Amino acid sequence: MESRYNPAAIEAKWQQTWAEQGLDQTPTDSSKPKFYALSMFPYPSGTLHMGHTRNYVITDVIARHKRMQGCRVLQPMGWDAFGLPAENAAIERGIHPAKWTYQNIAQMKAQLQQLGLSIDWSREVATCSPDYYKWTQWLFLEFFKAGLAYQKEAAVNWDPIDQTVLANEQVDNEGRSWRSGAQVERKMLRQWFLKITDYAEQLLNDLDTLAGWPERVKLMQANWIGKSVGAYLEFPIVGMDEKIGVFTTRPDTVYGVTYIVLAPEHPLTPRVTTSERQAEVEAFIQEVASQSELERTAEDKPKRGIPTGGKVINPFTKSEIPIWIADYVLYEYGTGAVMGVPAHDTRDFQFAKEKQLPIEVVIVPSGENTGETPELKAAYTEPGIMINSGNFDGMASTAGKEAIIEYAQKEGFGKARVQYRLRDWLISRQRYWGAPIPVIHCPSCGTVAVPESDLPVQLPEDVEFSGRGLSPLAQLDSWVNVPCPSCGTAAKRETDTMDTFIDSSWYFLRYPDAKNDQQGFDPAKTNDWMPVDQYVGGIEHAILHLLYSRFFVKVLRDRGLINFNEPFQRLLTQGMVQGITYKNPVTGKYIPPAQVNSAEPKDPETGDSLEVFYEKMSKSKYNGVAPEDVLAKYGADTARMFILFKAPPEKDLEWDDADVEGQFRFLNRVWRLVTEYQAHRQPLLPSAGEEEEAKGDRSAAATKDVENIEKQNIVSLLLSKDLSSQQWWQIWQQVFKALLDLPNYVGEFFDSFQQSLVTVALILAAAIAAYLTVALLDVIHSIPLLEPSFQLVGLGYTTWFAYRYFLRAPTRRELSEKVQSVKQKYLGTNSLAQPANTLEVIPSPQPSPTITEKQTTSAEATSTQPSTDNAPTPTPQEKELRRAIHTAIKEITEDLEGDYQFNTGVSELMKLNNALSDATCKDSPVYVEGIETLIRLLAPFAPHIAEELWHNIGHTDSVHTQEWSQVDLDALVADEITLVIQVMGKTRGTIQVPAQADREALEHYARESEVAQRFIQGKEIKKVIVVPGKLVNFVVA
RNA sequence: GCGGAUGUGGCGGAAUUGGCAGACGCGCUAGAUUUAGGUUCUAGUUUCGCAAGAAGUGAAGGUUCAAGUCCUUUCAUCCGCACCA
């Protein structure tokens, strides 16, 4: 066993071993409960960053824990491999996108594998591979057949940098592309859409079924879908046989409509415009069109608009009202027209004030005088009582909505209507590196689906990437021109490729059967594994990817291909990883941390004091930390522990090298604890039988002989000179092994050399060494064969013995106690009977029995207890340690389920480690239980070190195949509890009381306690509150 | 503007849902070991106070024997949406 923790060596070793043993393969045995643990797959940019690392480590801890709990776990990984960077690399550097992408995948995969993630790599997918996008295209055709994929001419978001269009979701609130950051332009183009709006209601309603999703993600989706309930009302245009339809959520205010506003782009605009207004209206339309979205929606901008000269009749009041056009009315939403109710809508109020349009109050707060209509200072948007509303006067406005709709319906000028903000998903991209949309445009047959047998529509290889003009596909005539699959006449391929969000909207369906070349997914297998039990990824996909995936699942369900409603049962959105960032507030420049003295951050050039803060890691801010550097320096286990410990998973994580060091130190402490334990429990002459025994390939007779050697002792056997040849052989083996182990003992000894009791120990060690050597030399005299070995063994043993008994004694008092007992045991009786437990039989390395079982077996196997009597009654120290062990099991188990509090889980591991190293009962079986439990609990967090230590203490199977420890509730019960004494609700002190004391007893103890006496003396006790197990509170006069 | 979340030591963060606030770690202080630095170990570390004690979870009120936790008001920060009719 190495005496130093060397992550580089053990991590590589175990990663290789696990891979060889196929430990991470997904089990096929379907009798166990399934658990599908999924991380959002990465875009293969070529370098792994901390965000990825955090994401996958979180998923891996969950997966490993579930595996130990007896689940069959599917934890796959893949690549979201289509997309623009590959194409840009082709344009800039002439490297083919496929080559660039696959190189990056190889590179990132190698980095990923160093993290010790228990991923089943046999299910790896890459969306850019033809055997994947074949099925992406097949799915598109499913949508096409269902009438959910269609083309239309639409004003689309055009990204001038990426030279492609974008979906609405992919444009941020400042009108910039989610990818390139470019200001998006509006263009009219014929494009492909998926009819996500058909599913708006379901996508909204089913959010309620997603109990395992963060509220804020659900809220963001709900807002994005943006359902409003109201009415569609029609206003007949004066002098035309045409009506203007409006959508309103406030039909109850319809009597207060004093004008109608059309969006400037509205097709009715030119038709309602009177000739004298025409020039002005056209100019206004021009002006608005030339404006960017950003300018048009700029804040606090006065609302601009002009009258068209046209008029409509309000069908309710029969009065004529003017038609205006204004920039604040959006053509894309509702009907592109609104009814102006200045009295009860803040925007309309503002507009009417500016344009001096009449304001008609039709709703007043309930209880207010309805006789007068007060001059409004602002729109009254709250519910109230309807006035000036014909037959509806006096009605509550909330009820009025229904009544008005009913009336409008009856009269034929309106109906109830639900409106969504969500629009159809624009999926066309005018780029090469994506899945081609598998349709062919035929002059006679129209738009024809590529037959399934012709899939995939492969991307042509010989393409030029100029970055200019049309998409490379559109420029390649040999690819574009094909015969029509149905009539055979010359036709053209669709040259748009699909939005890459399509690729990622179904990849989770493929993992259960990732290599299937007959189907995109096998419904039986996918239905078995889906839905994903735990999905982990970044919040940036709260709307885009998650909404699209939900939509896909619902469509496929309706096509009868799958049988579940939602793809992701539980969702964890992990926080960002932030790096320490230095910014010069004067120059606005970011300074690399390497150039800054963190104690006194100053700009190395100008000397200005720097702003110090944490921000998402990025190249331009020089605040990134490369995962490979951390792995090289500390290893994956430390990186994992740090990431898990530093912050709860959903919060942002501030990268701090000092804290990384802290985790490294912790793992070193665990290493030392287990190594010391192992050395400590190794017998005087380690029994060669142990390992053999584990393998079970020795004869029963021989085993018995060895047990005899262990139970009596070697020296006395030697003294008796009455040995079988088998025993001689065993002794020789043990001597040899002890010789080999000697450097370890010596190393241990020197490690501990620095402890304060070294002098005392040394003297004693020397004395014992001398004593033993003399005694042994005596024996050796008659056994010349063993002479040199025995001298060495004698010295080695005494050294180790001294170390164990004296150096480890934590206090002076304990030391003298130990010396006394050792004297009595070894010198007093002049017999070298084994010290307690050094020859204790290692508990079975087979999958751990339940704790209670183990306790009995180890108690039985242990021939001598620390106490002299034979009954295995646990000492108070043992009870306390057991409570610590089982508290850790309980807490960590809870932390790994429920809310995923990995940070507190790690802190519980630290506590257990601390409890074990402080324990005074290191010879007890409870201590063995503690060490083994610690390693098992550590396994999901730091898999490599746990595995190494697990093997070091004598196990031959993997720690990762062990059962998760069970809590023994009895162990949690303490004999004594700390009772808090309060007076008037203030804590005045604590006392120790028996745990089983009842209310009365507790009150009695408390009343009698010194603390209480001090504070309640001479005062009248009015009331006593007893909370069993917790506190007693005295209320005094 | 609308909606949501969060405010706890020098820092990251804990607190069986009303019952000892500050677990665990970082940092810091002192001591031991070391030629030195690092590592390691020991002790301490919310604030004020020599102490007894007092104050203390953004602020102000309230409920309660008891409030970080519940209620009311308010401030700050962050996130999402933003003329959505």
Side-chain angles (χ1 to χ4, degrees), chain A residues 172-174 214-224 226-228 230-231 246-250 253 261 263 296-301 303 326-330 332-341 344-348 350-351 419-423 539 542-543 614 641-642 645-648 650-663 665-666 668-669 672 751-756 758 810 890-891 894 901 903-911 913-914 978-990 1022-1027 1029-1036:
Chain A
D172 72 13
N173 57 12
E174 286 176 349
E215 284 304 317
R216 71 171 175 146
V217 173
K218 290 194 272 187
L219 202 78
M220 279 164 75
Q221 293 213 352
N223 286 341
W224 188 264
K227 180 181 181 177
S228 335
V246 302
F247 172 71
T248 178
T249 54
R250 294 297 303 274
T253 63
V261 191
R296 189 166 162 184
T297 60
E299 241 179 287
D300 296 333
K301 186 181 62 67
K303 300 191 184 319
D327 60 355
Y328 76 93
V329 176
L330 306 174
E332 293 82 12
Y333 185 77
T335 60
V338 301
M339 56 185 215
V341 189
H344 306 293
D345 180 283
T346 40
R347 292 155 306 179
D348 295 344
Q350 201 187 335
F351 190 71
Q419 182 71 40
Y420 299 93
R421 204 180 82 105
L422 182 73
R423 310 226 196 115
I539 186 73
I543 294 171
Y614 283 90
M641 292 292 283
F642 165 77
F645 179 66
K646 178 74 179 179
E650 67 285 354
K651 282 193 71 170
D652 289 346
L653 181 152
E654 295 172 0
W655 191 273
D656 180 353
D657 289 331
D659 284 320
V660 181
E661 294 267 6
Q663 287 307 310
R665 282 205 291 268
F666 169 62
N668 269 291
R669 284 201 293 274
R672 219 175 307 129
D751 274 355
S752 313
F753 193 77
Q754 303 172 350
Q755 291 184 13
S756 55
V758 65
K890 179 169 173 282
E891 296 295 324
E894 284 170 5
Q901 300 223 38
N903 55 333
T904 51
V906 173
S907 95
E908 289 298 330
L909 285 171
M910 292 171 163
K911 280 193 207 170
N913 185 68
N914 292 347
T978 307
L979 186 73
V980 174
I981 312 281
Q982 293 188 341
V983 179
M984 297 297 285
K986 274 201 170 128
T987 302
R988 291 302 181 179
T990 60
K1022 287 173 73 178
K1023 196 174 170 189
V1024 182
I1025 288 125
V1026 180
V1027 182
K1030 293 238 160 79
L1031 60 81
V1032 175
N1033 185 11
F1034 296 99
V1035 184
V1036 296

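Within every chain, numbering begins at 1; the chains are lettered A, B, ... in the order of the sequence lines, protein sequences first and strands thereafter. Because the structure is a prediction, the values reported are computed rather than measured.
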Please measure how far the [atom1] atom in [N] lies from the corresponding atom in [M], and state the result in whole Å.
N      : M      : atom1 : value
U17(B) : C26(B) : P     : 30 Å
A23(B) : G12(B) : C1'   : 13 Å
U47(B) : G9(B)  : P     : 11 Å
G10(B) : U6(B)  : P     : 23 Å
U69(B) : G22(B) : C1'   : 15 Å
G13(B) : G7(B)  : C1'   : 13 Å
C65(B) : A59(B) : P     : 25 Å
C24(B) : U16(B) : P     : 16 Å

With a 4.0 Å cut-off on heavy atoms, is [X] in touch with a base, just the backbone sugar-phosphate, or nothing at all?
X        : result
D348(A)  : nothing
V1035(A) : sugar-phosphate
G662(A)  : sugar-phosphate
T346(A)  : nothing
L1031(A) : base

#### Entry: Between NZ on residue K1022(A) and CE on residue M984(A), distance to nearest 0.5 Å
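With rounding to 0.5 Å, NZ (K1022(A)) is 7.5 Å from CE (M984(A)).
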### Message
Nearest 0.5 angstrom please: K1030(A) NZ to Q982(A) CD, how far?
### Response
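It is 12.0 Å, given to the nearest 0.5 Å.
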What is the distance, rounded to the nearest whole Å, between atom [atom1] of [X] and atom [atom2] of [N]?
X        : N      : atom1 : atom2 : result
L653(A)  : G25(B) : CG    : P     : 18 Å
K986(A)  : G19(B) : NZ    : P     : 19 Å
E891(A)  : C24(B) : CD    : P     : 13 Å
I1025(A) : G18(B) : CD1   : C1'   : 13 Å
N914(A)  : C41(B) : CG    : P     : 10 Å
K911(A)  : G25(B) : NZ    : P     : 9 Å
L422(A)  : G80(B) : CG    : P     : 19 Å
R421(A)  : G3(B)  : CZ    : C1'   : 12 Å

### Query
Got a donor-acceptor pair under 3.5 Å from the side chain of Q982(A) to the base of G19(B)?
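Answer is yes: a donor-acceptor pair is held.
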### Message
If you go through the side-chain atoms of N1033(A), does one of them form a donor-acceptor pair with the base of C65(B) closer than 3.5 Å?
### Response
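Donor-acceptor pair under 3.5 Å: yes.
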Could you list the protein-to-nucleotides 9-16 of chain B atom pairs, N/O on both sides, closer than 3.5 Å?
from, atom 1, to, atom 2, distance (Å)
G12(B), O2', K646(A), O, 2.6
G13(B), OP1, K651(A), NZ, 3.4
G13(B), O3', N903(A), ND2, 3.2
A14(B), OP1, N903(A), ND2, 3.3

Between the side chain of [X] and the main-chain N/O of [Y], is any donor-acceptor distance below 3.5 Å?
X        : Y       : value
D348(A)  : V341(A) : yes
T248(A)  : R250(A) : yes
N1033(A) : G985(A) : yes
Q221(A)  : A542(A) : yes

### Task
Decide if atom CZ of R216(A) counts as having more than 12 heavy atoms of other residues, nucleotides or ligands within a radius under 6.0 Å.
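No, the 6.0 Å shell around CZ holds no more than 12 heavy atoms from other groups.
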### S228(A) side chain reached by F247(A) side chain, heavy atoms, under 4.5 Å
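Yes; the side chains approach each other to less than 4.5 Å.
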### Message
Syn or anti for G4(B), given that syn means the glycosidic angle lies within 90° of 0?
### Response
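Here the answer is anti: the torsion falls beyond 90° from 0.
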### Query
Using the glycosidic torsion, which applies to U17(B): syn (within 90° of 0) or anti (everything else)?
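This nucleotide is in syn.
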### Query
Between R665(A) and C41(B), does any side-chain N or O lie under 4.0 Å from OP1 or OP2?
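Looking at the OP1 and OP2 atoms of C41(B), neither is under 4.0 Å from any side-chain N or O of R665(A).
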### Task
Verify the contact: side-chain N or O of R669(A) to OP1 or OP2 of C41(B), cut-off strictly under 4.0 Å; return yes or no.
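For C41(B), neither OP1 nor OP2 has a side-chain N or O of R669(A) closer than 4.0 Å.
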### Message
My understanding is that only residues two or more places apart in sequence, or in another chain, count here; which of them pass side-chain hydrogen bond (donor to acceptor under 3.5 Å, both in side chains) with D659(A)?
### Response
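Listed in chain order: K646(A).
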### Task
Would you sketch RNA chain B in dot-bracket for me? Only Watson-Crick or G-U wobble pairs with both distances under 3.5 Å count, crossing pairs as [ ], other-strand pairs as |, the rest as dots.
(((((((..(((......[....)))((((((.......))))))(((....)))..(((((..]....))))))))))))....
### Query
G25(B), U40(B), A85(B): which one has an atom nearest the side-chain heavy atoms of L330(A)?
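Looking only at side-chain atoms, L330(A) lies closest to A85(B).
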### Task
Looking only at side-chain atoms of L219(A), point me to the closest of U40(B), G3(B), G19(B).
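The answer is G3(B).
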### Message
Quick check on RNA chain B: between T987(A) and R250(A), whose nearest nucleotide comes earlier from the 5' end?
### Response
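The 5'-side residue here is T987(A).
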### Message
Using heavy-atom distances to pick each residue's nearest nucleotide on RNA chain B, tell me which of R988(A) and Y333(A) is more 5'.
### Response
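Going by which nucleotide is closer to the 5' end, it is R988(A).
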### Task
Take V1035(A) and I1025(A) through the side chain to side chain contact (heavy atoms under 4.5 Å, CB included) test and state the conclusion after the steps.
CA-CA 8 Å; V1035(A) 184; I1025(A) 288 125; 4.1 Å; yes
### Message
If you take the centroid of each ring, where Trp contributes its six-membered ring, are W655(A) and Y614(A) closer together than 6.0 Å?
### Response
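No, ring centres 6.0 Å or more apart.
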### Query
Does NZ or CZ of K303(A) lie under 6.0 Å from the centre of the six-membered ring of Y328(A), at an angle within 45° of the ring axis?
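Verdict for Y328(A): a cation-pi partner in K303(A).
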